[in-house]
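FYI, the numbering just counts along the sequence from 1.
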Amino acid sequence: MRKRQGRCILSGAVILMLVLMTVLGSGCGKKQEEKTSDSRTAAEKELADEGVNKGAEADLSDAPKISGLVCESKLSLQYAEAFQVYKYNDGFQVIDVKNSLSYLVVPEGGEAPEDLPEGMTVLKQPAEHIYVAATATMAMFHALDGLGQVKFSALNAEGWYVDEAREAMEAGEIRFAGKYSEPDYEMLVNEDCDLAVESQMIHHTPKVMEMLQMMDIPVFVDCSSNEGHPLGRVEWIKVYGILLDKEEEADAFFEEQTKVLEELEGFQNTEQSVVYFYINSSGQAVVRTGTDYIARMIEIAGGRYPFDSLADESKSTVTITMEEFYAAAADADYMIYNASIDNKLDSIADLTAKDEILKDIKAVKEGNVFCTDKDFYQATDIASEMISDIHLMLTGGDEDEMTFLYRVKK
């Protein structure tokens, strides 16, 4: 593997000193604005098939101005709205995450211009010693056959539902380097970590981000969870295709995932309602907002989401009382219990034991309660499979063909 130059081996004492220095600092993160519209003109769809908007066909006036570089095109995105990619001469690219950070991707062998826009982070292509702290992104690396470039994990082996990631950790090919809020700085520096991929949770521990940057480890913050459309999340694979220098592979994978929507085109909505939720440790119901990608999945699959009116662009979930939950969910035709957060359900009795009021919900009475597998939240690369599962559920399809859902026994 290519090693980064100019790194010194840090002792535990130096690490401690740097930690103490950064304790004095503070930072804050910004939540990405969510959008749900995926409408496109016919012309935009045609350009999307080509993969990029070329020259005069695209408005490049919003491209970041970088000394010595000229923006030649920008990526045409089909569903994602939380990022944009601008392509410059000599293989340079800018990944601009809306309301968050911008990244200049420098091609292998290239050098970043000295005078960059304020706050722009430099990422060198391809990253080869990656620390994955955003657990939902590991599936993206796996989909691109890029696990060989992941060397560090924020989860232990048993925490992974991506089988190949767990096996790589058991074989010592990926090492546990501390959770996102307490990384093993000494390991990351001494073993040449060249990229830390974080979720937006890193904004709750800004000193960690500052420490990583101080140690010359660039930080990429994944904001894919802000996408309103489920395939918007999947389209972030194009970002990881750039970081791994596997753009063609990313485009091919994304095209395969969009075929699920093509298969559902023209399908008339069943008008059956579907509730997606879990009960937290305080006995309250946690449901997705109407602008969240889960609500959009239900709609695409042919269902209706009873909590569609809960629109909060700053949140993907809302916690409500059981009385509020019952008022909206009493007549629900189907219920999906989110076991990626809570424990899986072995029987409907497991569900009703959480609150007696659940016994009076239509879906519970009729035995139409389904549960997610634990691996769903880590399987961001194949989110379209959940749409297919919900569609099978609503239309009485073969439940053995489901990927993430199973019917809860009475």
Side-chain angles (χ1 to χ4, degrees), residues 25 27-35 51-53 58-77 79-108 110-127 130-134 137 140 193-204 206 208-228 232-233 235-247 250 313-314:
C28 61
K30 294 182 178 180
K31 175 75 177 179
Q32 161 67 43
E33 177 184 3
E34 295 181 4
K35 293 186 177 180
V52 294
N53 285 325
D59 179 7
L60 304 178
S61 60
D62 58 347
K65 303 298 186 292
I66 301 175
S67 177
L69 298 180
V70 177
C71 183
E72 299 176 336
S73 64
K74 66 181 178 181
L75 199 64
S76 180
L77 299 170
Y79 299 99
E81 296 183 329
F83 75 92
Q84 182 55 264
V85 175
Y86 300 91
K87 297 178 178 290
Y88 294 74
N89 57 297
D90 298 329
F92 288 84
Q93 301 184 67
V94 168
I95 302 170
D96 185 40
V97 182
K98 193 180 297 181
N99 291 340
S100 186
L101 303 174
S102 291
Y103 307 87
L104 175 67
V105 181
V106 179
E108 188 170 7
E111 293 293 334
E114 294 183 2
D115 188 18
L116 293 177
E118 184 178 356
M120 182 172 283
T121 299
V122 174
L123 306 178
K124 293 190 176 183
Q125 186 187 55
I130 303 170
Y131 168 52
V132 174
T137 67
M140 298 290 192
C193 176
D194 54 14
L195 177 63
V197 178
E198 303 278 355
S199 72
Q200 294 179 91
M201 292 295 290
I202 193 66
H203 294 314
H204 296 297
V208 172
M209 189 168 180
E210 293 169 11
M211 276 290 295
L212 292 170
Q213 293 169 332
M214 183 184 300
M215 295 175 179
D216 195 28
I217 299 175
V219 178
F220 179 81
V221 181
D222 181 274
C223 296
S224 61
S225 61
N226 292 336
E227 295 289 353
R233 296 196 77 189
E235 197 160 15
W236 275 70
I237 198 167
K238 296 179 180 180
V239 169
Y240 295 100
I242 292 171
L243 299 181
L244 299 180
D245 197 15
K246 294 175 178 281
E247 293 178 63
E313 294 186 349
S314 66

> Hey, mind stepping through Val94 and Val85 against side chain to side chain contact (heavy atoms under 4.5 Å, CB included) and telling me if it holds?
Replying inline: CA-CA 6 Å; Val94 168; Val85 175; over 6 Å; no
> Measuring from Lys87:NZ to Ser73:OG, what's the distance to the nearest 0.5 Å?
Replying inline: 6.0 Å
> Can a donor-acceptor pair be found between the side chains of Tyr103 and Asp96 at a distance below 3.5 Å?
Replying inline: no
>> Less than 4.5 Å apart, side chain to side chain, heavy atoms only: is that true for Phe92 and Leu104?
In response: yes
>> Do Met140 and Val239 have side chains that approach each other closer than 4.5 Å (heavy atoms only, starting at C-beta)?
In response: no
> To the nearest 0.5 Å, what is the distance between NZ (Lys246) and CG (Leu243)?
Replying inline: 12.5 Å
> Does Gln84 use its side chain to pair, donor to acceptor, with the backbone of Lys74 at less than 3.5 Å?
Replying inline: no
> Any side-chain heavy-atom pair from Leu101 and Met120 closer than 4.5 angstrom?
Replying inline: no
> Can you check whether Ser102 reaches Ile95 side chain to side chain, under 4.5 Å on heavy atoms?
Replying inline: no
> If we only count heavy atoms from C-beta on, is the Ile217 to Asp194 side-chain gap below 4.5 Å?
Replying inline: no
>> So, taking the atom named CD1 in Ile66 and the one named OH in Tyr86, what distance separates them when rounded to the nearest 0.5 Å?
In response: 11.0 Å
> How far does SG of Cys193 sit from CG of Leu212, to the nearest 0.5 angstrom?
Replying inline: 7.5 Å
> Do any N or O atoms from the side chain of Glu235 and from the backbone of Tyr79 form a donor-acceptor pair under 3.5 angstrom?
Replying inline: yes
>> What's the separation between atom NE2 in His203 and atom SG in Cys223, rounded to the nearest 0.5 Å?
In response: 6.0 Å
>> Given 3.5 Å as the limit, does a donor-acceptor pair link the side chain of Glu81 with the main chain of Glu227, or not?
In response: no
> Between atom OG1 of Thr121 and atom CD of Gln213, what is the distance when rounded to the nearest 0.5 Å?
Replying inline: 6.0 Å
>> Do Asp222 and Gln200 have side chains that approach each other closer than 4.5 Å (heavy atoms only, starting at C-beta)?
In response: no
>> Donor-acceptor check, side chain of Ser100 to backbone of Val97, threshold 3.5 angstrom: yes or no?
In response: no
> Any idea which heavy atoms bring Cys71 and Ala63 closest together, and the distance?
Replying inline: SG-CB, 3.6 Å
> Do the side chains of Pro117 and Lys65 get nearer than 4.5 Å, heavy atoms only?
Replying inline: no
>> Within the 4.5 Å heavy-atom criterion, are Asp59 and Ser61 side-chain neighbours or not?
In response: yes
> Closest approach of Val221 and Ser199, non-hydrogen atoms and distance?
Replying inline: CG1-O, 3.8 Å
> Any donor-acceptor pair under 3.5 Å linking the side chain of Gln93 with the backbone of Tyr88?
Replying inline: no
> Which word best sums up how the rings of Tyr240 and Phe220 line up, parallel for under 30°, tilted for 30 to 60°, or perpendicular for over 60°?
Replying inline: perpendicular
>> Just checking Asn89: does its CG atom have more than 12 heavy atoms from other residues, nucleotides or ligands closer to it than 6.0 angstrom?
In response: yes
> What closest approach, in Å, do Pro126 and Glu108 show between heavy atoms, and which atom pair accounts for it?
Replying inline: CD-OE1, 3.6 Å
>> Whether the side chain of Gln125 engages the backbone of Val106 through a donor-acceptor N/O pair (distance < 3.5 Å, no angle test) should be reported.
In response: no
